[in-house]
Amino acid sequence: MKLEGGKISSSHLTFLIVGFILGSSLILSPGMAAKHDAWLAVLVGLGEGLVFTLIYLTLAMRFPGKTLVQYNDIIFGPYLGKVISLGYLWFFFHLGSLVLRNFGDFLTSMIYPETPIAVFIILTTLVCASAVRNGIEVITRCSLILVVFTVFSVLGTIILLAQDMKFTNLLPVLDLPLKEFIKASHSAATFPFGETVVFLMVIAFLDNVKQAKISTLTALIVAGLLLVLSLLRNTAVLGVTEGIHVYPSYQVIRLIKIAKILTRLEIIVAVNLLTMGFLKISVCYYATVLGLAQLLNLRSYLPLVFPVGVLMVSLSILQFDSVIENIFFAFEIYPYYSLPFEVGFPLLSLIIAIIRGIPKQEEEKGNRKQDSVDNI
Amino acid sequence: MFGFLFKKLQFWQLLNQRNSGKQNGNWQKSSQTSLSRDLKENLKVLKSILGTSNDIVIREFSFGYDEKINASIIFVDGLTDRMTINESIIKPLMYDTHLFDSRELLTTNNIDIIQKSMLSVGDVKIVTSLDDVIDGCLSGDTVLLINGSDQALVISSRGWESRGIQEPKTEAVVRGPREGFTETLRSNTSLLRRKIRNPDFILENMQLGQRTKTDICIAYLKGVVNPKLVEEVKYRLKKINTDAILESGYIEQFIEDAPFSPFATIANSEKPDVIAGKLLEGRVAILVDGTPMVLTVPMVFIESFQTSEDYYSRPFYTSILRTLRFISFFITILAPGVYVALTTFHQEFIPTPLLITMAAAREGTPFPAVVEAIVMGIVYEILREAGIRLPRPVGSAISIVGALVIGEAAVSAGLIGAPVVIVVALTAISSFVVPAQSDTAALGRVIITISAGALGAFGIIIILLAGLIHLCTLRSFGTPYFSPLAPLSFRDLKDVFIRLPIWAMFTRPRTIGWHDPQRQEFRQIPAPPQDSEKVEQPQGEPENNSNMKSQTGVQGLKRPRKIGNKDT
């Protein structure tokens, strides 16, 4: 049984992960609780996120060519494994719907105040569904183009805003109780970085599993540094008022004014959000659908794409009443809600796998399977 | 649902195939019979098959000692060269037979002697079946039948009125060869053969079309091309079962990968240098008799932005031109959509002075921007189509009507705003910069304009994303359509947004010509000669020397390990 025929190369995975992490975090700045130290919180959060990612990678390297759902069955046994897989799938599914909601919230509050949110969510899901139907290979290829554009636009806006930046805005550094700072940095670790747990469903399709480690960590660092840069830009331009805005990046780019021609470039931010959000939603959507198909032992995941999409749309529309609720959830509840999926279960699986010595029994089989896949 | 429909279609196709096979069965059976020994019998059968057409000439005559041997030649008037028939077939048979021993000629296998020592024509074949006789006759050869022999000679005498080699009107160049393909297959292959003088340049013949029997030629460079690609092309061509192939477009639609995609996955050109360049990159060309348009596979999206002239002129300006082409492609699909989105949804994104000017120009116009843009788009397409179909002398009327009546009068009457005229004109001009994608661009433009009218910038981005997904999904004969951008191969970016100098393009495209990756020797940057070299070189013949050098260079070239193309 082969659900996904595509293969992705490790360098392409880097692009996909960068796109995934920048997904909604370019707009909904993580670590906002730390106010003007947000960039520092994200930097610390990146460190924490790297630790999380190392856990995922160690786990993935033990089961090359297998997805999370498949080795949950091996580690926890067929029954408990399925329950835990279902938990993960819920998390992926919910993550996708959260991003969709961010998307819709941003558009309705900033650009289209009178259009119902459902329009944006449904259309976006349709596009994502078509990407998911075509498989992970196509999503990855799209990411190549989109991520390059985003990286250039982030760096470009920094150059265009150079004249408005006041680096004194960054002072005083660490003017915050340590507890709150840690809270903010932990929130940054769970919000963009820890979400890479989704890639446990994707790494299995790498053509060279050994390079997964280096490409994933590179992606994490590149994306983290881009985030830090954009936060530095926001703080340096806006100062303390950064904390007031819901979407500080949008606000910052609005201020670009060069020679009366290069003004009102905020559309760039909207485009970045749309394209990166598309990648993030597609990956979550894909992981959910593929995992569900593996859980139910289906021969193809295509029949699941439509129903899961409909559920995702409904959930994202129904779960919050307003933007504020969404922001509150993202910064207050989400860091704790996501903890079991991002740290708890992966760590538990890894420990159990080590204690039971499962990879050693499975190693030969796994290698052989990998070989046969390569030959095909 | 689509899968179901597609299966239905396939089934229907199969059914048709079987039916057509039945219909053709009888005709094929009768024609596969072999020739009889009796000339009169043969002629009777041939006349019954070919007889009623008046362009078939059957000339009966006798020759040899005492005119004892009866024979006849059959040819199609107009397809054959009369000089050849008179001077090289009839004349030797009727006059020069006296030079031969008469008894020898009267033996049963006199056809061998005639073939070997009498006919002064280059290409003579012996055939035995009626089918081959008719085939040869209809393709312009002359058939010689001799009484008492169950074999016939097919003597090459093709020669018909054809257009000379001219500069193609669709792909004009400033620098570079100006010859273009013609409608005759043989002259097209000769044009290619003259470009690539190499025994590895292979031309394989095929006949397609139950009724038209059109000659088709597959051309490739052995050793450079991926053998699997050639197999795939042949397989797809063999699957074609139709009655007529009138243009290469027929074949394109039968063998393309994505029949429902707006993007063409098979490239075409009518310039021999373009085709030769593509063959050297590892592609396969399909030449069809009767059309100057030659197909090449696989095609990648970037190919539409490359012209032959890019490689002939120096790299700096070419690189700027490449970027310019990408920009104009985006303008031609996006301009009306962006205009509509800006004026209807996002007025705040326009700088204030510009906004005021635009608002003043659009003041009092009765229609919303999206209607204006679509109507003007349609008007432009009508003008373009009319311009192509119109008889030349009337052509100037179109420009007057287009420029004066629609542009000038409509704006001054206040029916449409001046900005939309500017936008549509800009779109029209940019669409000619990338001719290979102009059909797709016209389609995309309409879709984007409508979605921009409905949802503004969000609509545009959604459509662009969908387009990107589609481009990333497409494949052309196993090669990802959007390569080398996605999947990315850094080495091939040398020929996308910028074009590196020729001496820096060491490798063939990774996804196409990776069967023999290295194109040339490294380190050929031109530099002034070192002092030591100057002394050694005799001043008289610098050219000879450099030739020698390059030859030894090619021989000593180390080829890297051959890597099979994974994608096909």
Side-chain angles (χ1 to χ4, degrees), chain A residues 6-9 11-12 14-15 103-104 106-108 111-112 114-115 119-120 122-124 126-135 137-149 207 254 257 259-268 270-275 277-279 282 302 374, chain B residues 1-3 258 261 300-302 326 330 334 338 341-342 344-356 451-452 454-475 480-491 493 496-497 510-511 566-567:
Chain A
K7 283 265 156 202
I8 49 179
S9 79
S11 60
H12 293 185
T14 313
F15 282 90
F103 216 83
F106 171 77
L107 285 169
T108 42
I111 305 178
Y112 301 91
E114 290 181 21
T115 315
V119 173
F120 305 111
I122 290 173
L123 280 174
T124 314
L126 271 178
V127 172
C128 293
S130 86
V132 169
R133 279 185 71 90
N134 287 318
E137 216 175 46
V138 168
I139 301 175
T140 318
R141 284 186 196 163
C142 292
S143 78
L144 289 175
I145 314 273
L146 302 177
V147 168
V148 170
F149 176 73
D207 59 357
R254 207 171 239 190
K257 193 166 191 179
K260 285 190 180 175
I261 305 266
L262 280 176
T263 54
R264 317 286 317 217
L265 293 174
E266 60 259 39
I267 195 79
I268 290 179
V271 173
N272 285 348
L273 173 74
L274 281 165
T275 52
F278 155 73
L279 288 180
S282 300
L302 296 182
D374 279 348
Chain B
M1 194 185 76
F2 284 110
S261 163
V300 291
F301 184 65
I302 300 302
F326 282 100
F330 274 106
L334 286 180
V338 168
L342 283 180
T344 15
F345 287 90
H346 316 290
Q347 294 92 345
E348 72 271 19
F349 292 150
I350 311 173
T352 319
L354 180 62
L355 181 64
I356 292 168
S451 68
L455 280 166
F458 178 76
I460 297 177
I461 294 168
I462 283 290
I463 298 293
L464 284 183
L465 270 180
L468 180 67
I469 296 171
H470 181 65
L471 276 175
C472 289
T473 318
L474 275 185
R475 273 168 179 271
Y481 193 58
F482 215 38
S483 71
L485 291 177
L488 186 70
S489 80
F490 278 110
R491 209 180 277 130
L493 291 183
V496 179
F497 299 108
R510 187 187 174 87
T511 43
K566 263 189 193 172
D567 292 301

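Here is how names work: the chains are called A, B, and so on, in the same order as the sequence lines, proteins then strands, and each is numbered from 1.
Taking Phe326(B) as the reference, Phe305(B), Phe497(B) meet the ring-ring contact (aromatic ring centres under 6.0 Å, His included) condition, with sequence neighbours excluded. Contacts of Arg491(B) classified as side chain to side chain contact (heavy atoms under 4.5 Å, CB included), with partners at least two apart in sequence or in another chain: Thr507(B), Arg510(B), Trp514(B).
Only the side chain of Leu107(A) has a heavy atom closer than 4.5 Å to any heavy atom of chain B. In this structure, chain A has a heavy atom under 4.5 Å from the side chain of His346(B), while its backbone stays farther away. Only the side chain of Ile145(A) comes within contact range of chain B, judged by heavy atoms closer than 4.5 Å. Both the backbone and the side chain of Leu455(B) have a heavy atom closer than 4.5 Å to some heavy atom of chain A. For chain A, the nearby part of Ile461(B) is the side chain; its heavy atoms alone come within less than 4.5 Å.
In this structure, CG in Asn134(A) is found 9.5 Å from SG in Cys472(B), a value given to the nearest 0.5 Å. A distance of 5.0 Å separates SG of Cys142(A) from CD1 of Ile469(B), quoted to the nearest 0.5 Å. Here the OH atom belonging to Tyr481(B) is positioned 14.0 Å from the CZ atom belonging to Arg141(A), to the nearest 0.5 angstrom.
Looking at heavy atoms from C-beta onward, Leu464(B) lies out of side-chain contact with Thr275(A) at the 4.5 angstrom threshold. By the 4.5 Å heavy-atom criterion applied to side chains, Phe345(B) and Ile111(A) are not counted as neighbours. With contacts defined as side-chain heavy-atom distances shorter than 4.5 Å, the pair Leu144(A)/Leu485(B) does not qualify. Between Thr124(A) and Phe458(B) there is a side-chain heavy-atom pair separated by less than 4.5 Å. Taking 4.5 Å as the limit, some side-chain heavy atom of Leu146(A) sits within range of a side-chain heavy atom of Leu465(B).
Shown here for Ile267(A) and Ala457(B), the closest heavy-atom pair between the two residues is CD1-CB, 3.7 Å.
Residue with the most contacts toward chain B among Phe278(A), Tyr112(A), Phe15(A): Tyr112(A) (heavy-atom pairs, distance under 4.5 Å).
No donor-acceptor distance shorter than 3.5 angstrom exists from the side chain of His12(A) to the backbone of Pro487(B), with no hydrogens or angles considered.
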- When you look at Leu274(A) and Ile462(B), which way does the side-chain contact (heavy atoms from CB on, under 4.5 Å) test go after all the steps? CA-CA 8 Å; Leu274(A) 281 165; Ile462(B) 283 290; 5.5 Å; no

